[in-house]
Amino acid sequence: MPSPRRTIEGRPLSSSGGSSVPGSPAHGGGGGRFEFQSLLNCRAGADPASARLRASDSPVHRRGSFPLAPGGSAQAAPAPPPEDARMNLNPSFLGIALRSLLAIDLWLSKKLGVCAGESSTWGSVRPLMKLLEISGHGIPWLLGTLYCLLRSDSWAGREVLMNLLFALLLDLLLVAVIKGLVRRRRPAHNQMDMFFTLSVDKYSFPSGHATRAALVSRFILNHLVLAIPLRVLVVLWAFVLGLSRVMLGRHNVTDVAFGFFLGYMQYSIVDYCWLSPHNVPVLFVLWNQQ
């Protein structure tokens with residue numbers, strides 16, 4: 001005996017032709033596929049809310065299509081937020097590198113500031129460091145150069161001293177301009193008890209002592225005949241002077257590093273613009289009249 005066919009809803013389907021369902025073979029349709037499609041169409045037409053819910057759950061709609069209005073027309077896309085309200089979630093590599101370098105610079109400068117105060121790790125060495133600080137100050141170097149220039153009685157000595165005076169004045173000018181432009185504050189653990197300060201000395205970048213140490217040491221090594229131990233002593237003085245700026249808490253490590261570079265380049269400028277009786281005879285005529 002053949003098993004009774006069943007519809008999609010599970011009810012037995014009689015083999016008699018009087019109660020056949022549309023879409024069945026007895027009805028003359030094309031099989032169960034057309035019956036299933038007609039049933040889905042009837043259900044979707046009977047419940048429009050469920051049809052819209054299924055459309056909103058589709059992957060195509062979720063990926064970027066806009067909800068349909070009741071009339072079937074697409075709504076306008078929402079306006080993007082202004083530029084200042086957006087969050088920058090992809091910073092540049094250069095910005096990350098600079099922030100990391102700044103963090104390392106501040107951390108290392110604080111660790112090396114062992115003479116920043118009397119209660120610091122090496123607080124007992126602070127007076128010696130301050131004496132070394134005076135040896136690289138601009139005022140003693142300017143006064144000492146002027147005195148030697150006035151007391152000199154040779155043209156070669158006057159030429160060298162005049163260019164040294166020009167180098168010191170150029171150093172003071174460039175350091176003051178860069179400090180005024182950058183305006184980087186001195187480290188927080190610094191004590192403002194320096195030998196002599198100007199208005200720009202409240203700023204930290206670059207270190208004027210480091211620029212002067214590099215400039216003067218290179219000037220001396222190129223224009224004075226010194227024995228090897230003295231030449232080593234000049235280089236050691238410049239290095240220790242730059243290190244003392246960090247140990248005293250006056251500057252950060254990058255301030256001293258850039259100061260050394262700037263002082264080294266300043267001598268190249270002085271050497272290129274070397275003052276002599278051939279290019280600036282007016283300055284040397286004054287000495288000849290004396």
Side-chain angles (χ1 to χ4, degrees), residues 91-116 129-130 132-142 145 163-222 234-273:
S92 63
F93 175 78
L94 181 60
I96 296 176
L98 290 177
R99 292 188 184 95
S100 302
L101 179 61
L102 179 61
I104 294 173
D105 179 35
L106 296 177
W107 173 81
L108 186 59
S109 302
K110 189 173 182 180
K111 288 292 183 181
L112 292 177
V114 293
C115 302
M129 292 295 174
K130 293 186 67 175
L132 188 63
E133 178 182 56
I134 297 175
S135 70
H137 202 280
I139 298 300
W141 276 99
L142 283 173
T145 304
N163 283 275
L164 179 59
L165 180 63
F166 168 64
L168 293 173
L169 293 175
L170 178 65
D171 173 67
L172 289 176
L173 178 63
L174 288 180
V175 170
V177 170
I178 296 176
K179 281 187 175 183
L181 292 176
V182 178
R183 295 175 179 268
R184 185 184 188 183
R185 294 289 179 179
R186 292 188 181 270
H189 54 278
N190 174 50
Q191 297 183 11
M192 293 298 293
D193 57 348
M194 291 178 285
F195 169 67
F196 183 82
T197 58
L198 298 174
S199 59
V200 294
D201 284 334
K202 60 183 178 181
Y203 302 122
S204 176
F205 186 88
S207 170
H209 283 70
T211 59
R212 197 169 302 111
L215 172 64
V216 170
S217 61
R218 193 178 178 193
F219 192 96
I220 291 175
L221 293 177
N222 282 274
V234 169
V235 175
L236 186 61
W237 166 79
F239 175 76
V240 174
L241 179 60
L243 181 61
S244 68
R245 307 306 293 160
V246 183
M247 295 176 66
L248 283 170
R250 308 291 196 207
H251 295 277
N252 297 305
V253 176
T254 52
D255 303 335
V256 176
F258 184 79
F260 280 142
F261 172 76
L262 182 61
Y264 187 88
M265 298 306 297
Q266 280 177 356
Y267 175 78
S268 300
I269 298 175
V270 173
D271 189 56
Y272 181 78
C273 305

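No hydrogens, no waters, no symmetry mates; every other heavy atom, side chains included, goes into these values. Quick caveat: nothing in here was measured; it's all calculated off a predicted structure.
Side-chain contact between Pro187 and Ser204 is present, with heavy atoms from C-beta onward closer than 4.5 Å. Inter-residue side-chain proximity for Val216 and Leu168 is flagged as met; some heavy-atom pair is nearer than 4.5 Å. Side-chain contact between Val246 and Leu108 is absent, with no heavy-atom pair separated by less than 4.5 Å. Counting heavy atoms from C-beta on, the side chains of Arg186 and Tyr203 never come closer than 4.5 Å.
Remark: of the listed residues Val177, Leu169, Val175, Val177 is the sole one forming a side chain to side chain contact (heavy atoms under 4.5 Å, CB included) with Leu173.
Considering OG of Ser244 and NE2 of His209, their distance stands at 7.5 Å, rounded to 0.5 Å. Note that CZ of Arg218 is 4.0 Å distant from OH of Tyr264, once rounded to the nearest 0.5 Å. The OG1 atom of Thr211 sits 11.5 Å away from atom CG of Asp255, with the distance rounded to the nearest 0.5 Å. Remark: Leu165 CG to Trp141 CH2 distance equals 12.5 Å, nearest 0.5 Å. The CG atom of Leu262 sits 9.0 Å away from the CG atom of Leu215 when rounded to the nearest 0.5 Å. Atom OG1 of residue Thr145 and atom CG of residue Leu164 lie 4.0 Å apart, to the nearest 0.5 angstrom.
Taking the six-membered ring where tryptophan is involved, the planes of Tyr267 and Phe219 are perpendicular, since the angle between them exceeds 60° and thus also 30°.
Between Cys273 and Phe166, the closest heavy-atom pair is O-CE2, 4.3 Å. Smallest separation of non-hydrogen atoms from Asp171 and Gly208: OD2-O, 4.3 Å. Nearest heavy atoms, Ala116 versus His189: CB-O, 3.5 Å. The two atoms that bring Ser135 and Leu241 nearest to each other are OG-CD1, 4.5 Å, heavy atoms only. In terms of heavy atoms, Phe260 sits closest to Ala213 at CE2-CB, 4.5 Å.
Defined by atom type and a distance below 3.5 Å, a donor-acceptor pair is missing between the side-chain atoms of Ser217 and Trp237.
Scanning for ring pair (Phe, Tyr, Trp, His ring centres under 6.0 Å) contacts around His251 gives an empty result, with sequence neighbours left out.
Side chain of Arg183 to main chain of Gly180: a donor-acceptor pair is present (N/O by atom type, distance under 3.5 Å, no hydrogens or angles). Of the possible polar contacts, one joining the Arg250 side chain to the Gln191 backbone as a donor-acceptor pair under 3.5 Å is found.
Applying the side-chain hydrogen bond (donor to acceptor under 3.5 Å, both in side chains) test to every pair with at least one member in residues 104-115, sequence neighbours left out, gives these pairs: Asp105-Ser109, Asp105-Arg184, Asp105-Thr254, Ser109-Asn252.
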